[in-house]
Structure formats: C-alpha cells, structure tokens
Amino acid sequence: MNQIQDIYQRPLRDLRISVTDQCNFRCKYCMPAEIFGSDYPFLKKEEILTFNEIERLAKAFAGIGVKKLRITGGEPLLRPDMPKLIEKLIKINGIEDIGLTTNGVFLMKQSEALYHAGLRRLNISLDSIDDTLFQKMNGRGISHRSVLKGIDKAKDLGFSIKINMVVQKGINDSQILPMANYFKERGITLRFIEFMDVGNHNGWNWEKVVSMNNILESLRTQFELEPLEENYYGEVAKRYQYKGTSTEIGFISSVSESFCSSCTRARISADGNLYTCLFASKGFNLKKLLKSNLMDESLLKEVSDIWRSRDDRYSDLRKERASEKRKIEMSFIGG
Ligand code: SAM
Ligand code: SF4
Ligand code: SF4
C-alpha cells in the first residue's frame, strides 16, 4: 500500500465524510438560526455525494493509507438509509474503524439498524444535562429526552460511546460538573471540546473559550483524575481516568494546546470537496473527478498529490493569523 505524507511528514490516516449539510438543530456555535434560515441555500439533492460515490472515494483513500472513517454532517442521521452506507464502508479493505458523530435525536429509531449494519462507535454531542439550557442551545427547543434515551439504548446495544460537549464561557460552563457526574455514573466517556472559530458566523472570540486547564481545574474540585497515555500517534483527545474506575474523561484542546503537528485527518464535504484542514478556505472538487469517469488509479493519484502538498496548521498559527479569512462552515465540512 502507498503510504503518503504531507510536507510536514504527517501521514493520511483518517477521513471524515460529511453526508449532508442539513441539520435539525441550530446550535449557535455551528449553524446559527439567523444565518441558516429557511432561505439558506442548502445543497440540492443532485449536488450531494451518492452512497456509491462515497464508497468509491473511501476505497481510494484506503488505498493510500486511510484506516479510520468518520461519518458526520450536518446531522448524518437525517440522511435516509445510513445503515446501507455503513454496510458498504465496512467491507472496504484497509478500513479498520468506522465512527459516526450525531446529535443523537434519531438514535432511538436508528441505532439498532446501525448496529446490525456493523457500526460500533458513536460520538454523541450533548452540551447540557439541564434540559432548559439544552433546548436553548440547540436553537430549536428540542428536549434532550430523546438524546438521553438514545444514548442508553445505544449503550445497551453494545456501542462504544463518547459524549462530546462544546464548552462556552457564560453559556454552558456551569454544566461541566453536572455532565461529568451524569456520565461517570453510567461509565460513559465524556469529552470536553474547546469552542473553536470554525466557519464565519459563530461569534467566536478568545474570551468565550474555556480552556482544558480551566475545565480540569473545575473537575478537580470534585474528582480525582489520573492522566492516561496516548493510545496512538495523532490521538486528538487528551485522556484521563476517574481514580479507582475505568471510566475515562477527555479533552479536545484545539485552541489552548493545538495538535496540528500530528494531524492525520482529511475531510470530504457533502458535495464532494476535499479539505485538508477543518479551517481550510478552499477545497478540491472530487465529485467532478468522479463524474468525469476517471479511472480509480487517477483518482488515487490526484488525492495523493493533494495530500503531499498539504501545509495546513491553522490552530498552531491561530494566534498570529488574522481571523477575517473566510472559512468553510462546520456543518458543511463536517466536524
Ligand atoms: N450534527 C452532528 C453532531 O452535532 O454531533 C455532527 C456534526 S457536528 C458539526 C460535529 C461536532 O462538531 C459536534 O460534536 C459539535 O459539537 C462540534 N462543533 C461544531 N461547531 C463547533 C465549534 N465552533 N467549536 C467546537 N466544536 C464544534
Ligand atoms: Fe447540527 Fe451538529 Fe452543527 Fe449542532 S453541531 S448545528 S447538531 S451539525
Ligand atoms: Fe488539523 Fe487543521 Fe485542526 Fe491543525 S487546525 S489539527 S491541521 S484540522
């Protein structure tokens, strides 16, 4: 197999595929309702990658070293027949791991079929265990009842689950301890994500970020935590364990302690553009290549060339860089 590296010797290992740019939530930090209203120009059906196109792309990426796939969006479970896509992707040679990131609302209905299709890992986003705050944060007044039930059901089915909580100062930092208590009791990993300046509309500034160190400080008022070793090269989360248990807690500190130097991730947006960084402003149109009846070897060569010339390290440069540059929305590129 053809293992390729970018200009900073980072291999290509992970591929995040956005299967839709639509979502049933309007989280302010991702798809604020004022911008993503009924007149927002979401992608048309024919612009979105088909399952066959996604499969073809995933095969090409596996051919140059991708081992892990993550299905994301928008809200991926809005796309009909997701289990069918999972079944296709799971059969690809070289793919060792497939995960799906979801807001969890549709898990009660879909988790069983996803499990039977072979999916074993779910990242479920939940920013508050307080329902009033949760309803406010998702911008649609949707209760977390279905999400919490969906989490329990997925756990009973045997899924490996991680809960993702984006922490924003003055918005939901009061939820750090209640969330930790709730998921510790259930033996489920909770990961705190630092609020990032993704897209162009989320009103980000440094004051709204609660750093990993601040979160740790607040957790340590109640819990004894032990740091864990990195599981593998390029692991994004810094992991800890509650002392005396096997329950983990993690931090994705992309703002306070960026990890670009070991970033092995590429992203494909719902309309088939390849982005080599979450903060990229320019993508490479793979859908066009697929439509041009290009042979799979040529597709592989195109993708390899793109990765070889990759020089992204946005988070490392965040402090120096002017934040005015136009970027791609998170719901579009996939988190
Ligand atoms: N809709 C699904 C969900 O919310 O899990 C999948 C897509 S969402 C874009 C993927 C992840 O990105 C979620 O965990 C979400 O909380 C995170 N996210 C979105 N905007 C963010 C931001 N500005 N800073 C940090 N994380 C963000
Ligand atoms: Fe939707 Fe996920 Fe973005 Fe929230 S974070 S608006 S659930 S895509
Ligand atoms: Fe990777 Fe870009 Fe994030 Fe750095 S900023 S870790 S290069 S996605």
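FYI, side chains are in, hydrogens and waters are out, and symmetry mates aren't considered; it's all heavy atoms of this structure. As the structure lists them, so they are numbered: ligands from 1, and atoms in each ligand from 1.
Put simply, part of G74 is less than 4.0 Å from ligand 2, judged by heavy atoms. Using 4.0 Å as the threshold, E194 has a heavy atom nearer than that to some atom of ligand 1.
We find the CH2-CD distance between W204 and Q168 to be 12.0 Å, quoted to the nearest 0.5 Å. Atom CG of residue N24 and atom CD1 of residue I142 lie 5.0 Å apart, to the nearest 0.5 angstrom.
Heavy-atom contacts from other residues, nucleotides or ligands closer than 6.0 Å to NZ of K59 number 12 or fewer.
The proximity of T101 to ligand 1, defined as any non-hydrogen pair under 4.0 Å, involves the side chain as well as the backbone. Residue-level proximity to ligand 3 for R16 is absent, since no heavy atom of it falls below 4.0 angstrom. Only the backbone of T102 comes within contact range of ligand 1, with a heavy atom under 4.0 Å; no side-chain atom does. Residue C23 touches ligand 2 through its side chain alone, judged by heavy-atom distances below 4.0 Å.
Of the protein's heavy atoms, L278 N, 3.3 Å lies nearest to atom 8 (S) of ligand 3. Looking from atom 4 (Fe) of ligand 3 to the surrounding protein, the closest heavy atom is C260 SG, 2.3 Å. What sits closest to atom 1 (Fe) of ligand 3 on the protein, heavy atoms only, is C263 SG, 2.4 Å.
Across the listed options M196, K28, Q168, Q22, M196 owns the non-hydrogen atom lying nearest to atom 22 (C) of ligand 1. Of all the listed residues (S125, S18, S254), S125 holds the heavy atom that lies closest to atom 4 (O) of ligand 1. Of the options Y314, Y8, F279, the smallest heavy-atom separation from atom 3 (Fe) of ligand 3 is shown by F279. Here the shortest heavy-atom distance to atom 2 (Fe) of ligand 3, taken over S258, S315, S254, C277, belongs to C277. Considering only non-hydrogen atoms, atom 2 (C) of ligand 1 lies nearest to G74 out of G104, C30, G74. The option with the heavy atom closest to atom 5 (S) of ligand 2, from among C30, G139, P32, is C30. Of the candidates V166, L278, I71, the one placing a heavy atom closest to atom 26 (N) of ligand 1 is V166.
Placement of M82 and I90 within a single hydrophobic cluster is found when ILVMFWY residues are connected by side-chain heavy-atom separations under 4.5 Å, directly or transitively. Transitive grouping of hydrophobic side chains (ILVMFWY, heavy atoms separated by less than 4.5 Å) keeps L228 and I249 in distinct clusters.
When each atom of ligand 1 is checked for a heavy atom of G73 under 4.0 Å away, the hits are 7 (C), 9 (C). Heavy-atom contacts of R267 reach the following atoms of ligand 3: 8 (S) (cutoff under 4.0 Å). Within the listing of ligand 2, atoms 7 (S) sit less than 4.0 angstrom from a heavy atom of N103. Annotation for ligand 3: atoms under 4.0 Å from non-hydrogen atoms of F259 are 6 (S).
The main-chain N or O of M108 is found under 3.5 Å from a side-chain atom of K153 such that the two form a donor-acceptor pair. The closest donor-acceptor contact from the side chain of S258 to the backbone of V255 lies at 3.5 Å or more, if one exists at all.
Under 4.0 Å is where a charged nitrogen must lie from a carboxylate oxygen, and between R10 and D6 at least one such pair does. Salt-bridge annotation for D97 and R121: present, with a side-chain N of the basic residue lying under 4.0 Å from a carboxylate O of the acidic one. For R26 and E34, the salt-bridge test fails: no basic side-chain N is under 4.0 Å from an acidic carboxylate O. K91 and E87 are not joined by a salt bridge, as no carboxylate oxygen comes within less than 4.0 angstrom of a charged side-chain nitrogen. With respect to the salt-bridge test (charged N to carboxylate O, under 4.0 angstrom), the residues K155 and D152 do not qualify. By the 4.0 Å N-to-carboxylate-O rule, R191 lies too far from E248 to be salt-bridged with it.
The shortest N or O to N or O distance between Y29 and ligand 1 is under 3.5 Å.
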